[in-house]
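Per chain, numbering begins at 1; letters A, B, ... match sequence-line order.
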Amino acid sequence: MTQHGGLRELGKAYDPAQAEAHWYDFWHSGGYLKPVDRGRGPFVMVMPPPNVTGELHMGHALFTTVEDILTRYKRMNGYAALWLPGADHAGIAGQWVVERELAKEGKTRHDLGRESFVNRVWDWMEAYQERIKGQLRALGASCDWSRYIFTMDPGPAHAVRVAFKHLYDKGLIYRGERMISWCPRCMTALSDLEVVHSQEASFLWTLRYPLSDGSGFIDVATTRPETMLGDTGVAVHPDDERYRDAIGKHVRLPIMDRPIPVVGDDAVDAAFGTGAVKVTPAHDPNDFEIGRRHGLPAIAVMNTDGTMNDEAGPFAGQTILDARANVVDRLREGGTLIATTPHTHSIGRCDRCDSIIEPMISKQWFVNMAPLAKPAIQVVHDGQIRFVPERFTSVYLNWMENVHDWCISRQLWWGHRIPIWYCADCGAVAATSDEFLIACPGCGSRRIEQDPDVLDTWFSSGLWTFSTLGWPEQTEDLRLYYPGHVMETGYDIIFLWVARMIFLGIEFMGVPPFRDVYLHGTVRDANGQRMSKTKGNVLDPLTVTAEYGTDALRFALITASGPGNDLRLSNERVEQQRNFANKLFNATRFALRAIDMAHIGRDSDGAPLQPVASAMSAPDKWIVSRLSHTIVEVTRLTDAYQLHEAGRQLYEFIWSEFCDWYIEAAKVRLYGDSGDSAVPQTLAYVLERTLRLLHPYMPYVTEELWQQLPHPGDALIVAPWPNPGLRYPADEQSFASIMQAIREVRNARTEHGVEPGRKIAAIVYPGQSSSTYAELRSEFQSLARLDPRRYEIRSGEPIATDRAVSIVTGNVSIFLPLADMIDVDAERGRIEREIEQVLGEIERATSMLANQQFVSRAPEAVVAGHRERLESAEERRSLLEKRLGDLG
RNA sequence: GGGCGCGUAGCUCAGCUGGUUAGAGCGCACGGUUCACAUCCGUGAGGUCACUGGUUCGAGUCCAGUCGCGCCCACCA
């Protein structure tokens, strides 16, 4: 094993573990993972930084695969490819994993205090960052480790403060008392996006509120009876006949026994429930708005920890759910509970901990979105940013056009501290880009205190495309690598992350941070279920990789489904791709034996020369031509982000065309006595380019094998992307026709029960294809397993041969005199069926060609194709009919 | 209440810009130990492309509608 590529012993089967350990080091230590200017300018992709909360999962394996393919592809195409890795401190999720650890020791973060708790989280982050780096390497990620960066590193932290101050100074960040989503378990405010809504079964309770003047009552329907303790009004639709007279009157709130007004408001749906709504401005976003319109006070009856407060009177101290039950009981006893109806409605839960979210009025920091959204909509509208697949464009626009202000403060300890300081003396509020403020900028007082809250983790993520490059410093990296080209991530974080990178990129850098947004789907298990630890259906990338190899996992992931679609992964699927890697490995072993014995010419770069056309026979030209075709297709598909389809075509080309047909045909000349051939040259040429083509998709096995072959340069990872070579249409066709004939002979053999090993006689009337059959005589003989002494190629019209199976393929007649194995009647039946088929073909083609519309409107080539087809079908029919006549 | 995706062989999915008789892998059936590979090779069976209508010379592919499944967004008590 040499440090610099070089020859390694190839075993009998591909051993991924050995190759992976060796080649990753080779790439890394060779400096190939850093961007190197090769004249085509930069290609930049910033990695979505994994949360440092644990192990990598299959979603990470998927994004690594896609991004690594794109990076390797661009690198081979001569771009200074920068794939910038990093990790995210994961705010609330990061805090939570450490809190859970503490819980095992019977402690809470409050037992430690803020400072030592944060230190504890840092310990976790440092340990797990190393793990995550190792896991990314194991997946073959060819990212630039010299630029690896963490969201809490000094650079990004400084960027966060500078960005905050800038937005604050510009009036785009403000502090206000608003209705926000509150998680009573995490004890923090959340943004709308961190609340997951789902339909859950519950009840609709109807409560009776008596009018204060004794003239009757109003029934209200609610899903949250416990909030009635904080009711400060009842709302009805102003046009609702039933309640029109009540507007302006008061009702007496049961239990709390206080008068609250009845108001008329358009927001009330007269058709729902009783048409009257209790109004709790402190605990419902709708009620908050209604209350504001009518000047109703907001009485908060809950604490931030999910219990009732003193305003809840007799229920103070109870949990919300207990209070609900008790309030309902109490109302029932008092006769004011009128009905309890089963009802499913939407419940919001915390994205992290699944607790039920409470809407609460709270003083928080917000980003004023309207001015930022405007240009972020524009750049997508005018095509500066493109989504792949395209359908996500409208998803993005729809969200951005209706975006609400973004609540960015979190009552957590772990994260970027809000860079705002309050002066105890003069009451000044000061934003700073420094880590600490010594004195109040207003009055010079030292009695200042920093806001205790931290920022939403996505605030720093939103700056990631430039904070990673040194911003706000005007670094060389920033100048060279901003804006980037592709942002690859999951469709589930379009709003959380992609949208925010776009408007923050525009705000701070003046131009959008990337051009193409490639979105991948979710990796599911074999049954289409989301993988989760509780379900126990998780496939761990490293376990799978250890068993089948990284290349196998990557290829399984990439070929499973296209961009934007979810995909199913199973061990069987990975195993299939392991087999593919092994197939390629063995094909190369085969080729190497032939190549080692031949003197293979090289071009000026060291790549094997294209074999001399005059020395090539049809199979050589066929495979070279097919390779050229595959290069064109894989290039086109990779450029179009159709990586799954590119992968499939590579699979087809390598397994079916190269291995099953070319190598099998090549053996005839290699092992035969035909003397010199272009086979070793062709093998070297085709294989070397094929490995280059496959390298982004299967980096390890290709590097391993390529190093064994004559090749240009030192490392496949930086070898030039192959240009399509020559096409040989005539040879492609002639070999394809021989392939078809071979298949038909094999078919006939199987149908007639000929033992696989037995060599049989054959008489071929090739007609116009005589030169093809003459040239490929040995290949045909060998692959169809014919007896050389009883294999004849005859000219002229086919002459009946008794007791023979007859095959008509193209315009060629083949007779297999199988004597006693032939049942004449069955043979006649078979031919009749074939004639029927051909007649159908003839009819279709004839009617199409008779159709004036078709002939005049369809493209020339399509019409010509049908003409040719008709011609050959006619010929085929006459051959078949003659044969039928001969059978008597 | 809006929006999106999916429905193609028993299963999982391709089919990219509409153009022969719709493909792959797995599974199934039959048969194979020749010196690249049994992690393999050969042959085969299997599909009214969810349904209805339309556009077109031509539709799995484009349009409209229907049915079924899934997802996203939205402050309907």
Side-chain angles (χ1 to χ4, degrees), chain A residues 10 12-14 179 181 192 197 204 220-224 227 235 267-269 272-274 276-280 284-289 343 345-346 348 359 389 391-392 394-395 398-399 402 404 491-492 494-495 521-522 526 528 548 552 559-562 564-568 570 572-573 575-594 633 636-637 640 642 644-645 648 651-652 656 659-660 663-664 667 671 743 746-751 753 755-757 785 837 840-841 844-845 848 851-859 861-863 865-866 868-869:
Chain A
L10 293 187
K12 209 173 163 185
Y14 174 54
M179 171 98 13
S181 296
D192 303 344
H197 291 270
L204 190 63
V220 296
T222 181
T223 54
R224 307 213 43 198
T227 63
V268 178
D269 176 2
F272 186 89
T274 61
V277 193
K278 58 191 267 321
V279 182
T280 322
D284 182 279
N286 276 318
D287 294 5
F288 180 74
E289 292 303 322
H343 180 68
H345 67 125
S346 171
R391 65 173 186 270
F392 289 108
S394 59
V395 176
N398 183 49
W399 184 79
N402 298 294
H404 298 321
Y491 63 65
D492 51 337
I494 294 177
F495 311 139
T522 306
Y548 301 104
T559 54
S561 193
N565 295 334
D566 291 355
L567 59 100
R568 298 188 189 197
S570 60
E572 293 70 47
R573 236 191 133 96
E575 187 181 344
Q576 184 191 323
Q577 306 307 344
R578 187 262 325 251
N579 296 351
F580 175 52
N582 188 56
K583 184 76 181 175
L584 178 65
F585 179 86
N586 276 294
T588 306
R589 279 207 310 147
F590 168 83
L592 280 169
R593 289 211 309 211
E633 282 296 286
R636 180 180 69 82
L637 290 163
Q642 302 288 318
H644 64 301
E645 186 59 20
R648 283 188 158 97
Y651 186 98
E652 278 297 303
S656 307
C659 293
D660 289 348
I663 287 184
E664 292 310 314
K667 283 177 184 171
Y671 297 149
R743 282 195 199 101
R746 286 171 174 172
N747 175 340
R749 294 174 57 113
T750 309
E751 300 259 293
E755 303 83 3
R785 297 206 65 79
Q837 243 179 26
E841 223 173 289
R844 269 192 302 277
M848 285 195 87
N851 182 341
Q852 250 341 95
Q853 301 278 18
F854 170 70
V855 176
S856 61
R857 297 196 191 184
V862 175
V863 179
H866 281 276
E868 273 172 40
R869 220 161 299 129

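- Each of A/Glu575 and A/His197 has a nearest nucleotide on RNA chain B; the 5'-most of these lies closest to A/Glu575.
- Partner assigned to B/G53 is B/C63, using Watson-Crick or G-U wobble distances below 3.5 angstrom.
- Residue A/Arg636 has its side chain nearest to B/U17 when only B/A38, B/U17, B/U39 are considered.
- Here A/Asn586 does not reach the OP1 or OP2 of B/C40: none of its side-chain N or O atoms lies under 4.0 Å away.
- Expressed to the nearest 0.5 Å, how far CZ of A/Arg224 lies from NZ of A/Lys278 amounts to 8.5 Å.
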Summary of protein contacts for nucleotides 3-10 of chain B, nucleotide by nucleotide, where a base hit scores B, a sugar-phosphate-only hit scores S (4.0 Å, heavy atoms): -SS-----
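- A/Pro859 comes within 4.0 angstrom of a nucleotide base, judged by non-hydrogen atoms across all strands.
- Of the N and O atoms on the side chains of A/Tyr14 and A/Asn579, not one donor lies less than 3.5 Å from an acceptor on the other residue.
- No contact: A/Ile494 has no heavy atom under 4.0 Å from any strand.
- Using N1 to N3 plus N6-O4 or O6-N4 for Watson-Crick, or N1-O2 and O6-N3 for G-U wobble, each under 3.5 Å, B/G58 pairs with nothing.
- B/A22 and B/G46 have their P atoms separated by 13 Å, given to the nearest Å.
- Residue-level contact check: A/Asp269 touches the bases, meaning some heavy atom is under 4.0 Å from a base atom.
- B/C4 and B/G65 have their P atoms separated by 11 Å, given to the nearest Å.
- Qualifying side-chain contact (heavy atoms from CB on, under 4.5 Å) partners for A/Ala276, counting only residues two or more places apart in sequence or in other chains: A/Ile218, A/Val220, A/Val234, A/Val236, A/Tyr243, A/Thr274.
- Rounded to whole Å, the separation between the C1' atoms of B/A45 and B/U52 comes to 32 Å.
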Side chain to side chain donor-acceptor pair (under 3.5 Å) assessment of A/Asp566 paired with A/Tyr491: CA-CA 10 Å; A/Asp566 291 355; A/Tyr491 63 65; 2.7 Å; yes
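- Among the nucleotides B/G15, B/C37, B/A36, the one closest to any side-chain atom of A/Arg593 is B/A36.
- The cationic group of A/Lys583 does not satisfy the cation-pi geometry with A/Tyr651, failing either the under 6.0 Å distance to the six-membered ring centre or the 45° limit from the ring axis.
- Within 3.5 Å, a donor on the side chain of A/Lys667 pairs with an acceptor on the base of B/A36, or the reverse.
- In the set B/G19, B/A14, B/C76, B/G19 carries the atom at the smallest distance from any side-chain atom of A/Val862.
- Pair check for B/U17 finds none; no Watson-Crick or G-U wobble contact set falls under 3.5 Å.
- A distance of about 15 Å separates the C1' atoms of B/G15 and B/G7, rounded to the whole Å.
- Both distances falling under 3.5 Å, in either a Watson-Crick or a G-U wobble arrangement, place B/G44 opposite B/C28.
- With a cut-off of 3.5 Å on both Watson-Crick or G-U wobble distances, the partner of B/A9 is given as none.
- Straight-line distance between the P atoms of B/U12 and B/A59: roughly 29 Å, to the nearest whole Å.
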N/O contacts under 3.5 Å, protein versus nucleotides 24-32 of chain B?
unit_1 : atom_1 : unit_2   : atom_2 : d
B/G25  : O2'    : A/Gln576 : OE1    : 2.2
B/G25  : O2'    : A/Gln576 : NE2    : 2.8

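- Straight-line distance from the CG atom of A/Asn402 to the C1' atom of B/G1: 13 Å, rounded to whole Å.
- Side-chain proximity of A/Pro285 to the nucleotides B/C72, B/A14, B/C75 is greatest for B/C75.
- The residue A/Ala587 sits close to a base: some heavy atom pair falls under 4.0 Å.
- Computed from coordinates, the A/Gln577 CD to B/U39 P distance equals 16 Å when rounded to whole Å.
- Checking B/A74 for Watson-Crick or G-U wobble geometry (two distances, each under 3.5 Å) identifies no partner in any strand.
- No N or O donor and acceptor, one from the side chain of A/Arg746 and one from the base of B/U43, sit under 3.5 Å apart.
- Looking at the side chain of A/Arg578, the nearest of the listed nucleotides B/C73, B/U39, B/A14 is B/U39.
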